[in-house]
Protein chains: 2
Amino acid sequence: MDHAVDLEGYLERLKEEGFRLTGPRRVIIETLLENLGRHLNARELMELVQEQDSNVGFATVYRTLELLVGLGMLNRISLEEGFSRYEVPDEQMHFHLYCRFCGKTIHLDDEKAKEALVRSWMGDSGFVLLPQTFEVAGVCSDCRQCLADGAEALAPCGKLCRGRGARFCRRHRGGAEA
Amino acid sequence: MDHAVDLEGYLERLKEEGFRLTGPRRVIIETLLENLGRHLNARELMELVQEQDSNVGFATVYRTLELLVGLGMLNRISLEEGFSRYEVPDEQMHFHLYCRFCGKTIHLDDEKAKEALVRSWMGDSGFVLLPQTFEVAGVCSDCRQCLADGAEALAPCGKLCRGRGARFCRRHRGGAEA
DNA sequence: TTGCTTGCAAATTTTTTGCAAGTAG
DNA sequence: CTACTTGCAAAAAATTTGCAAGCAA
């Protein structure tokens with residue numbers, strides 16, 4: 001799944017585009033490539049980068065991320081958490097199941113076939129598909145069990161119920177302990 | 001595409017869940033249902049709501065959005081703009097092509113069939129699919145023409161090149177006028 | 001050298017929260 | 001009445017920007 005991306009080639013590409021190969025950029029890119037499967041966000045990336053070089057600042061991390069995204073060398077993705085995550089684009093697409101309530105993620109198989117299918121959707125639109133990760137939102141079986149009586153009400157379950165929605169979670173409101 | 005959602009039924013659902021039907025909530029929900037296809041963000045929603053009742057504050061808009069999302073009555077979506085957009089969940093999924101460079105969006109057909117396909121991806125994972133909108137990222141033909149020599153470099157084209165990436169856009173950096 | 005880059009701190013933007021006052025049920 | 005809700009203002013959190021100093025090419 002995480003078949004290594006060539007670091008030197010990646011760095012070279014930056015240079016070919018006319019950007020300078022600086023220390024901070026090097027560390028940031030190395031970190032990104034060493035954590036291919038993790039979908040780091042800016043803060044997580046920052047923390048890892050600072051283990052290597054504590055001088056690198058937030059601004060540089062953000063600027064480098066934006067540069068890479070602008071060059072198509074990095075994808076910005078969102079799990080609706082209120083901030084962005086980033087992934088090094090792979091040759092091919094990836095497909096995940098994402099539980100909207102507990103955040104659990106499952107990686108799907110046969111990605112090549114699925115990608116071909118998605119590509120076929122573009123038809124004669126003139127669009128060219130960019131490899132990306134699809135997060136298919138759903139409810140996992142664990143959370144489904146937690147969903148009380150009114151099955152379609154889809155109230156968040158009490159176990160993980162992380163993030164913003166927690167405040168209105170019926171389980172939490174009742175005081176039934178998180 | 002935007003087959004009306006029943007306002008009273010929607011409001012009723014809130015009450016059934018044990019939440020109060022207040023003026024501000026009413027206005028917010030009305031506005032949401034009157035702009036089904038627009039994928040409003042919090043600020044846009046706020047502005048529309050204030051045309052109806054200038055007393056409603058940002059906090060209430062955010063709190064109501066969060067409440068509805070928590071109840072599964074609203075989906076939070078992201079176009080990687082740095083903030084969230086919201087959509088009233090439809091019975092069925094929707095599929096868009098989204099140009100990563102100019103932001104152009106095209107609505108795809110045969111959504112029922114595509115949805116069935118996506119549902120089949122869930123296999124025996126135990127997940128239940130939640131109706132959602134898929135934004136398939138790509139490059140539209142207009143932007144493809146703007147992509148200079150190094151075709152795979154994918155530098156943003158100069159025309160619309162909106163949002164955060166603009167600063168590093170090769171076209172803009174050169175001073176070649178946006 | 002030249003001018004792209006960086007770090008820092010301040011500024012923005014988006015979203016959340018505390019709290020007294022308002023109000024639906 | 002009761003306690004869920006609201007508006008306001010302050011607080012947080014995420015991201016961006018101005019600018020003098022640093023450094024790659």
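Here is the naming used below: chain letters follow the sequence lines, and residue numbers restart at 1 for every chain.
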Main-chain N/O of A:R38 paired with A:N35 side-chain donor or acceptor, under 3.5 Å: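 No; judged by distance alone, with no hydrogens or angles, the pair does not exist.
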Spacing between [X] atom [atom1] and [N] atom [atom2], to the nearest angstrom:
X	N	atom1	atom2	answer
A:E44	D:dT15	CD	C1'	16 Å
A:L14	C:dT5	CG	P	9 Å
B:L45	C:dT15	CG	C1'	14 Å
B:M46	D:dC8	CE	C1'	11 Å
B:E12	C:dG25	CD	P	10 Å
B:R20	D:dA3	CZ	P	9 Å
B:F58	C:dT13	CZ	P	12 Å
B:E66	D:dA13	CD	C1'	14 Å

Residue from B:N55, B:L65, B:I28 passing side-chain contact (heavy atoms from CB on, under 4.5 Å) with B:T60: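 By the side-chain contact (heavy atoms from CB on, under 4.5 Å) criterion, B:T60 pairs with just one of B:N55, B:L65, B:I28: B:I28.
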Close side-chain approach of B:L32 to B:L68, heavy-atom, < 4.5 Å: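 Yes, close enough: below the 4.5 Å cut-off.
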A:K114 vs A:L108 side-chain heavy atoms within contact, under 4.5 Å: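 Yes, at least one pair of side-chain atoms sits under 4.5 Å.
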Nearest to side-chain heavy atoms of [X], which nucleotide of [options]:
X	options	answer
A:A59	D:dT17, D:dC23, C:dG25	D:dT17
B:A42	D:dA25, C:dT15, D:dA3	C:dT15
A:F83	D:dG7, D:dA14, C:dG3	D:dA14
B:R63	C:dA24, D:dA25, D:dG7	D:dG7
A:K15	D:dA25, C:dT17, C:dA9	D:dA25

Sugar-phosphate, base or nothing in reach of A:N41, heavy atoms under 4.0 Å: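 Counting heavy atoms under 4.0 Å across all strands, no contact is made by A:N41.
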Along DNA chain C (nearest heavy atom to each residue), the more 5'-positioned of A:S54 and B:G23: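 Its nearest nucleotide lies further toward 5', so the answer is A:S54.
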Considering just the side-chain nitrogens and oxygens of [X], establish if one lies under 4.0 Å of OP1 or OP2 belonging to [N].
X	N	answer
B:T60	D:dT5	no
A:T22	C:dC4	no
A:Y62	D:dT16	no
A:R25	C:dT5	yes
A:R43	D:dA14	yes

Distance-minimising heavy-atom pair for B:M122 and B:V128: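 Nearest pair, atom of B:M122 first, then B:V128: SD-C, 4.0 Å.
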